[in-house]
Amino acid sequence: MNVQRHGTDAAPSFPGIAGRAADTDAAARIPAQNWKEITDSGYLRLFHPRKIGGTGADGPAQVAAMEALARACPSTYWSATVSALLCANLISTYGDHDTHARLLDGLLSGRLLAAFAVVETSAGSDAGTYRTTVRRAGPSGGGGFVVNGEKSRITNAPDADLAVTLARREKGPGDDGPDWCLAFVDLRQPGVHRYEIPRMGLRGMPWGGLVLTDVQVAETDVVPVPLDELSEGMTWGWLLVSVAAVAIAESALAASVRHARDRVSFGRPLAHMEGVQAQIAESRAQIDAARLLARRAAVERAAGRSARTLIAMLKIYATEMAVEVTARAVQIHGAGGVTEGHEVARLYRDAQMNVIGAFASNRLREQVAEAMGLGPAVYRAFDWLRPSGLGQDPVGLGGLSQQAEAA
Amino acid sequence: MVFPHSPGELGAEPTPDEQVREFADRVARPTTADRDRARRWDPALFAELAGARTGPGLAGPLVPRHLGGGGLSAVRTCALLQGLGEGARDPGLALATAVHAVLATVPLRVFGTARQQQRYLPRMASGQWRGALSLHQTQGAALAPAVTVRSAADGRVLNGELELVAGAPEAHHFLIVADELGGGGRTAFVVDRATAGVRVTQTRPEAMRTCSWGRLTLDDCHVPDDAVLGTPRGAATEVEPLLAALNWVFCSAPWLGVMRALTRDAVDHAREHRLFGRPLSHAQSARLTLADMATRCELAAVLLHRAAEQFDSGGRPSQRDAASARLFTARAARTVIEGAAGLAPAGVLTGGDGLIERAHRDALFLATAGGGDEVLRPVIAASELELG
Ligand SMILES: Cc1cc2nc3c(=O)[nH]c(=O)nc-3n(C[C@H](O)[C@H](O)[C@H](O)COP(=O)(O)OP(=O)(O)OC[C@H]3O[C@@H](n4cnc5c(N)ncnc54)[C@H](O)[C@@H]3O)c2cc1C
């Protein structure tokens, strides 16, 4: 990797990208120079073995590089990492290395940008509501398939060249394969309509929807996949988001420390006030806990273990922790922190996005609970309180007769 | 739950903490509730835990092998203490063990002269001699000085009174930090109980009842010059920072075990207990609480692991990281205890082996003794702010 390194243990840094982070947010656009620096740094190749063009960094090195880019600019990090880590992993796991070498080459060289299109306009947490389909094209379709549906709230959708798309398979008679597939859909073709979704945070990142109308996809680019197996791949997404959260929190803490040292109030810098020290200390301990768990998870994964539940725990904690830490940072900055364009205001907005993106926290808590041996979630209509005697207000001291009078 | 406690410890062999957990579950747990109720220290039980050949050798894991100890790493020792907490379900016993095996031992290993090491460490490692100290002296000089020392013709003379001395009633010797009268600075001493002027009074604090406690009174207590541990007047850079970090890491470690035990119990309770006509384990809010409890365990584990590992690395362990581990673990323990209490069948105080009640009471002790928030947070902040 030829990005800057300080010492042996230090993470690479992306000073140019960091310097443009505020502009990236304000312009809601990742500058071309960012892509050049990311590509030049070797970042896009870190996550993959040499046989597909990667550089095969180990788990801790991957996490360190991810955190470094996310420190520099969370929006740029999300966009680049969804493409190069998440989507490229899905293609290399489920695709064919020969057939899909062109896609992997493109993603790892930065020539192509990919989106992972799962969620639709309905409830994102519930795959049962997804409607997008893949079916065989008619006789004029040249043996390929067509995709129809709308994917929404998708990272990179407005700019991506390619979408790894989760869709239902329209199965012919005798087809007892999985109900779902991943389709590697070329987005540079007719039938693809895209839109942006304005949002609270991560404004620099391209984010929005894809309306796919009879979009063509070759047979080799459609891979039937059981849904539960896919959730293994999504674990990468949780790790990705967790690292974003850790980095955002660390940036917010760094800004808080700078401000506490510089800002003079009552004749001394804020840093001398125990209340401020307490906030900084809490943030430090919380960030470290999340980062260490992320490293542990990365080591486990690099060693071929799933670490799925551990990463679910990490995603829950890290993303909510970052919301807490950025809120403290805003508070330490006083009115400066709530001023448009201020770094901590941006980080505060960005932090919220991670809690929802790639599975919202409570949905993940459900999965952790299941892994703890509590069985799958059990749905029950909320109609059981009244029969228990707790669903209505009690009679007052005057008794029922007075109650009747008052009525 | 099947999460490995740290990478690399997976395998068919039971990990050290699992071995200790099973041992403590067998020898300590059956009497934990009774000992707690009676505030009873059980020397025979400690001897069993101490035994290196018959038991897990908990008295001297950090004493080098050539001095009769286990020669284990800090990380392994942390794992042993975690296993003890989980198996015995007894925070007081685990604290007593950590104070003897780590807090009273490591300063001798690190700063002791060869003579001091040969005299004390083998007997401490076998459990024959108990070392004790006041937990008030594990937070530097944050509290007002309680012991003074002055020079005399035959050595040094100590005066003062120390509360909260863990293991005092059975102790053979004490680790004491004293304020130098005239000239300033503080000096650490190892003082044998048999020294004239040493008096121990048994005390009965409300928390950590299964540990034995005492007040140590030093009344014109003459000690020879070779009772000094480390550099004279050097405690502020030697024994004091070490004791603080040891306390924050190793006295927190058993709590990771306690938290895991509480979480496992809570899962069982949620499965067995019914609320509004269905198993509590079907209630989403209960499930979410349990997920958070398990998550807190993993987070505390990685912070403790890092802080312990730094003792093994050859460099200086980070005071900030030790303080962070304690701050986080103490918080996590309270979160887990509250969660466990909320999910306990028919509430707490009505059955079970009383772990929730014990942990609830003793967690407050963890959060204050040897440095509460008001000590830990400035330590962490000082390193961030480059002040202090
Ligand atoms: C920054 C960002 C980037 C994203 N990028 C992508 C992307 O690249 N690709 C993609 O496909 N999607 C993406 N998404 C969409 C994201 O995956 C969904 O928003 C998310 O899964 C939640 O779906 P939802 O927003 O529809 O919320 P809903 O599913 O409507 O959930 C609303 C709330 O209810 C809770 N909830 C729902 N069901 C349960 C349950 N069973 N148990 C407990 N709680 C539950 C949730 O926790 C949540 O708090 C992104 C979202 C964000 C914010």
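Below, chain A is the first sequence line, B the second, and so on; all start at residue 1. These numbers come from a predicted model, not from an experiment. Atom set for the values below is all heavy atoms of this structure, side chains included, hydrogens, waters and symmetry mates excluded.
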Can you tell if the side chain of B/Ile380 reaches within under 4.5 Å of the side chain of A/Gln277, non-hydrogen atoms only? no
Name, in order of residue number, those residues of residues 378-387 of chain A that have a heavy atom at a distance of less than 4.5 Å from a heavy atom in chain B; otherwise write 'none'. A/Val378, A/Arg380, A/Trp384, A/Leu385
Closest non-hydrogen atom pair, B/Leu299 against A/Ala289: CD2-O, 3.6 Å
CG/B/Leu385 to CZ/A/Arg258 distance, rounded to the nearest 0.5 angstrom? 12.5 Å
Any residue meeting salt bridge (Lys or Arg N to Asp or Glu O under 4.0 Å) with B/Glu240, in chain and number order, not counting sequence neighbours: B/Arg186
With rounding to the nearest 0.5 angstrom, report the OG1 to CZ distance, B/Thr289 to A/Arg365. 9.0 Å
Counting heavy atoms not belonging to A/Tyr348, are there more than 12 under 6.0 Å from its OH? no
Show the numbers, then the answer: is there a side-chain contact (heavy atoms from CB on, under 4.5 Å) between A/Arg296 and B/Glu298? CA-CA 10 Å; A/Arg296 186 179 140 194; B/Glu298 298 312 312; 3.1 Å; yes
Quick check: do B/Thr263 and A/Met372 have side-chain heavy atoms less than 4.5 Å from each other? yes
I need the residue from A/Leu293, A/Val276, A/Ile280 with the largest number of non-hydrogen atom pairs under 4.5 Å to chain B. A/Leu293
Checking heavy-atom separations under 4.5 Å from chain B, one finds in residues 238-248 of chain A none
Among A/Ala290, A/Ala260, A/Ala377, who wins on heavy-atom pairs under 4.5 Å with chain B? A/Ala377
Answer with side chain, backbone, both or neither: which region of B/Arg287 has an atom nearer than 4.5 Å to a non-hydrogen atom of chain A? both
Side chain, backbone, both or neither of A/Leu253 within contact of chain B (heavy atoms, under 4.5 Å): side chain
Tell me whether B/Arg377 is salt-bridged to A/Glu274, with the criterion being a basic N under 4.0 Å from an acidic carboxylate O. no
Where on A/Leu390 is there a heavy atom nearer than 4.5 Å to chain B: the side chain, the backbone, both, or neither? side chain
What residue, out of A/Ser388, A/Ala307, A/Ala278, has the most heavy-atom pairs lying under 4.5 Å from chain B? A/Ala278
Considering only heavy atoms, give the residues of residues 327-334 of chain B separated from chain A by less than 4.5 Å, sorted numerically, with 'none' for an empty result. B/Leu327, B/Phe328, B/Arg331
Heavy-atom closest pair (A/Ala285 atom, B/Ser324 atom, distance to 0.1 Å) is CB-CB, 4.0 Å
Got a donor-acceptor contact below 3.5 angstrom from the B/Arg320 side chain to the A/Arg284 backbone? no
Which atoms of B/Glu386 approach chain A - backbone, side chain, both or neither, heavy atom under 4.5 Å: both
Nearest heavy atoms of B/Ala294 and A/Met313, plus distance in Å: CB-CE, 3.5 Å
Given A/Ala281, A/Ser361, A/Ser256, A/Ser283, the one with more heavy-atom pairs under 4.5 angstrom with chain B than any other is A/Ala281
Can you tell me if B/Glu338 has over 12 outside heavy atoms packed within less than 6.0 Å of its CD? no
Can you tell me which portion of A/Ile316 sits under 4.5 Å from chain B's heavy atoms? Options are side chain, backbone, both or neither. side chain
Measure across A/Asp288 and B/Asp321 and return the closest heavy-atom pair with its distance rounded to 0.1 Å. OD2-OD1, 4.1 Å
For B/His360, does the NE2 atom have more than 12 heavy-atom neighbours from other residues, nucleotides or ligands under 6.0 Å away? no
I need the residue from A/Gln286, A/Arg291, A/His272, A/Arg295 with the largest number of non-hydrogen atom pairs under 4.5 Å to chain B. A/His272
